[in-house]
There are 2 protein chains.
Amino acid sequence: MTSNINCSTCIIKSSAAKALNPEQLSELGENCVQIDFKKGDVIFKEGTFSVNITYLREGVVKLHTEGKASQILKITKGPKYLGIPTTFEEKINHYSATALEDSHICFIHTDIFKSFIEENKKFAYEIIVELCNSELELFRKCVNRTKNNVYGRLAHALLFFQEKIYESNSFHLPLSREELGNFINITRESVSRVLTELDTDKMIKIKGKEIEILDVDALKRLSAV
Amino acid sequence: MTSNINCSTCIIKSSAAKALNPEQLSELGENCVQIDFKKGDVIFKEGTFSVNITYLREGVVKLHTEGKASQILKITKGPKYLGIPTTFEEKINHYSATALEDSHICFIHTDIFKSFIEENKKFAYEIIVELCNSELELFRKCVNRTKNNVYGRLAHALLFFQEKIYESNSFHLPLSREELGNFINITRESVSRVLTELDTDKMIKIKGKEIEILDVDALKRLSAV
DNA sequence: GATAAAATGTGATTTGCATCATTTGTAAAT
DNA sequence: ATTTACAAATGATGCAAATCACATTTTATC
């Protein structure tokens with residue numbers, strides 16, 4: 001489903017878009033297309049040309065490398081811009097984006113996006129804030145992935161879904177065991193083993209992909225570097 | 001050595017500062033202090049308040065976590081801004097910065113830096129470009145660190161110093177074996193072992209910290225994911 | 001509902017690298 | 001030159017997690 005949209009009345013604006021004036025918002029609507037993606041749909045693919053700024057309005061998305069030993073670089077929830085670095089600085093996508101939940105994505109012409117940065121100081125400022133947060137998050141991820149063992153990394157990932165994505169102690173894991181492994185760099189088999197062990201220790205309750213966090217503190221202790 | 005400086009005549013401007021007009025440059029000079037750091041000097045420390053934007057004008061710096069199992073998050077060469085994310089979004093430094101070579105750093109008042117972003121669109125744009133590049137680099141580092149074994153990671157690090165820092169096949173490694181290990185997440189002992197092995201295989205020549213790259217292609221093959 | 005295909009669980013085995021334990025080298029201090 | 005102290009090399013051992021192999025469950029397809 002593709003549709004030209006009215007950004008002025010959109011209630012899920014990015015903090016940057018909130019800074020745009022009515023004229024700029026209508027301009028945005030004219031240079032912007034919203035596309036709906038279903039769980040599992042590929043949004044953009046590593047190696048292809050990056051022609052638009054992608055704005056994840058609503059939904060959950062993974063950024064990941066391709067190939068058999070694929071790695072999930074980031075999992076993020078809307079509202080958030082995806083791949084600004086790629087579109088801005090490299091013409092080619094260095095990673096793919098795939099929907100983990102049904103998602104609404106707005107594809108924005110790069111030119112209009114750049115012009116907003118030049119015309120609207122608040123807009124530029126908010127984009128910088130978003131990029132800054134992104135970098136800090138990546139640093140934290142780097143430290144966690146190398147300092148923690150499999151238990152700590154898995155605990156960290158579960159808390160990430162609980163706090164940052166679903167904001168609930170119970171959630172449906174949007175990843176297979178293998179994908180979860182690709183997210184925290186452990187194998188499918190080890191994910192299984194550790195999950196059942198955490199279940200046995202009554203820290204979580206698992207039934208397939210349904211996860212319930214029973215003991216947040218215990219998981220926090222495990223994931224503490 | 002501390003000195004108030006004249007940014008107008010400075011020939012090592014960041015690409016962002018190049019966009020400033022004469023008036024703004026003189027304003028920058030009034031709100032900016034240059035300090036010289038010697039190899040090994042701490043520039044700012046994890047846990048302290050981040051009060052200024054730090055501009056690495058000239059030199060080589062490592063960003064790293066503290067504690068016994070310290071991790072080197074990034075090694076970078078001037079001209080480049082350090083820790084924009086921290087100053088912008090968090091008041092407290094999440095990592096330390098230490099000079100690996102004698103370095104000149106300009107400490108810029110955060111307020112004036114933010115006002116340039118709001119007043120000068122080209123300035124903001126260039127800051128965004130720098131942040132974008134930084135994020136892409138971090139992604140690449142993440143992939144390399146998890147997909148490669150110790151040989152690949154060490155080869156990658158050596159090529160990094162050759163290409164990105166010293167732009168020469170021969171260079172003095174600015175890190176101890178232990179620090180090099182902290183950079184690529186391997187132990188001191190393994191660094192030694194792998195280095196001597198690469199020397200035996202005639203890919204590099206080592207004498208203490210003096211390194212000569214003999215076979216770039218072989219190292220590239222090792223570091224290819 | 002039957003069959004195929006994919007995802008998951010689990011035990012046995014291997015291995016890459018860390019850890020531990022010494023030795024050797026090197027550079028500053030006396 | 002000799003002592004002191006730290007950095008680096010090297011060999012032996014241990015272990016966490018990967019790999020392998022196969023059983024079992026779940027999901028998809030006809």
Side-chain angles (χ1 to χ4, degrees), chain A residues 38-41 62 64 67-72 98 100 144-158 172-201 204-211 222-223 225, chain B residues 38-40 62 67-72 98 100 144-158 172-201 203-212 222-223 225:
Chain A
K38 281 213 275 296
K39 193 173 174 148
D41 287 350
K62 64 169 177 177
H64 58 104
K68 78 165 187 57
S70 134
Q71 187 179 11
I72 296 180
T98 303
L100 293 179
N144 175 272
R145 294 301 138 83
T146 52
K147 288 276 158 288
N148 270 348
N149 61 14
V150 287
Y151 297 90
R153 301 213 295 278
L154 193 40
H156 188 89
L158 294 174
H172 179 92
L173 191 72
L175 303 171
S176 69
R177 300 293 190 263
E178 175 147 30
E179 287 175 306
L180 183 52
N182 293 338
F183 185 39
I184 53 182
N185 305 315
I186 58 184
T187 56
R188 174 180 77 70
E189 294 93 329
S190 294
V191 171
S192 284
R193 268 185 277 263
V194 174
L195 276 180
T196 51
E197 204 168 327
L198 294 181
D199 183 288
T200 309
D201 295 348
I204 61 173
K205 201 159 88 189
I206 42 171
K207 175 131 203 306
K209 288 181 177 170
E210 298 305 322
I211 304 231
L222 271 184
S223 74
V225 180
Chain B
K38 282 213 276 294
K39 192 172 175 151
K62 65 169 177 177
K68 79 163 187 58
S70 134
Q71 187 177 13
I72 296 180
T98 303
L100 292 179
N144 173 272
R145 295 300 138 83
T146 52
K147 287 277 157 286
N148 269 349
N149 61 13
V150 287
Y151 296 90
R153 302 213 294 278
L154 193 41
H156 188 89
L158 294 174
H172 180 92
L173 191 71
L175 305 170
S176 68
R177 300 293 191 265
E178 175 147 30
E179 287 176 306
L180 183 52
N182 292 340
F183 185 40
I184 54 182
N185 305 315
I186 59 185
T187 55
R188 201 189 85 229
E189 294 93 328
S190 293
V191 171
S192 284
R193 268 185 278 263
V194 174
L195 277 179
T196 51
E197 204 168 327
L198 294 182
D199 183 289
T200 309
D201 295 348
M203 295 185 192
I204 61 173
K205 202 159 87 190
I206 43 171
K207 175 130 204 305
K209 288 180 177 172
E210 299 303 324
I211 304 232
E212 192 186 345
L222 271 184
S223 75
V225 181

Quick one: does Leu222(A)'s side chain get under 4.5 Å of Leu198(A)'s, heavy atoms only?
yes
N or O in side chain of Ser190(B) less than 4.0 angstrom from dA18(C) OP1/OP2:
yes
Within the 4.0 Å heavy-atom criterion, would you say Ser176(A) contacts the bases, only the backbone, or no part of the nucleic acid?
sugar-phosphate
Side chains of Arg145(B) and His156(B) in contact at under 4.5 Å (non-hydrogen atoms)
yes
Taking dA9(D), dT8(C), dA12(C) as options, the one with an atom nearest any side-chain atom of Arg188(B) is dA9(D)
With the side chain counted from C-beta on, respond yes when Lys62(B) and Phe183(B) share a heavy-atom pair under 4.5 Å apart, and no when they do not.
no
Given side chains that start at C-beta, do those of Arg177(A) and Lys209(A) come closer than 4.5 Å, heavy atoms only?
yes
In whole angstroms, the gap separating P of dA6(C) from CD of Glu179(A) amounts to 15 Å
Remember a base hit wins even if backbone is also touched, and classify Lys209(B) as base, sugar-phosphate or nothing at under 4.0 Å, heavy atoms.
sugar-phosphate
Applying a 4.0 Å non-hydrogen cut-off, can you work out what Ile186(B) is touching in the nucleic acid: base, sugar-phosphate, or nothing?
sugar-phosphate
Just to be sure I understand the rule, does Asn185(A) reach a base, reach only the sugar-phosphate, or reach nothing, if contact means heavy atoms closer than 4.0 Å?
sugar-phosphate
Run through Glu179(A), His64(A), Lys39(A) and flag the one making a side-chain hydrogen bond (donor to acceptor under 3.5 Å, both in side chains) with Thr98(A).
His64(A)
Check the distance between dT24(C)'s C1' and Arg193(B)'s CZ and give it to me in whole angstrom.
15 Å
dT13(D) P sits how many Å from Glu189(B) CD, rounded?
16 Å
Report the distance from atom CG of Leu222(B) to atom P of dG16(C), rounded to the nearest whole Å.
15 Å
Rounded to whole angstroms, how far apart are CZ on Arg177(A) and C1' on dT24(D)?
14 Å
For Glu178(A) and dA6(C), what is the distance between atoms CD and P respectively, to the nearest whole Å?
13 Å
When rounded to whole Å, the CD1 to P distance for the pair Ile206(B) and dG25(C) reads 14 Å
Within this structure, what is the CG-to-C1' distance between Asn182(B) and dA8(D), rounded to whole angstrom?
15 Å
Tell me whether the OP1 or OP2 atom of dA18(D) has a side-chain N or O from Thr187(A) closer than 4.0 Å.
yes
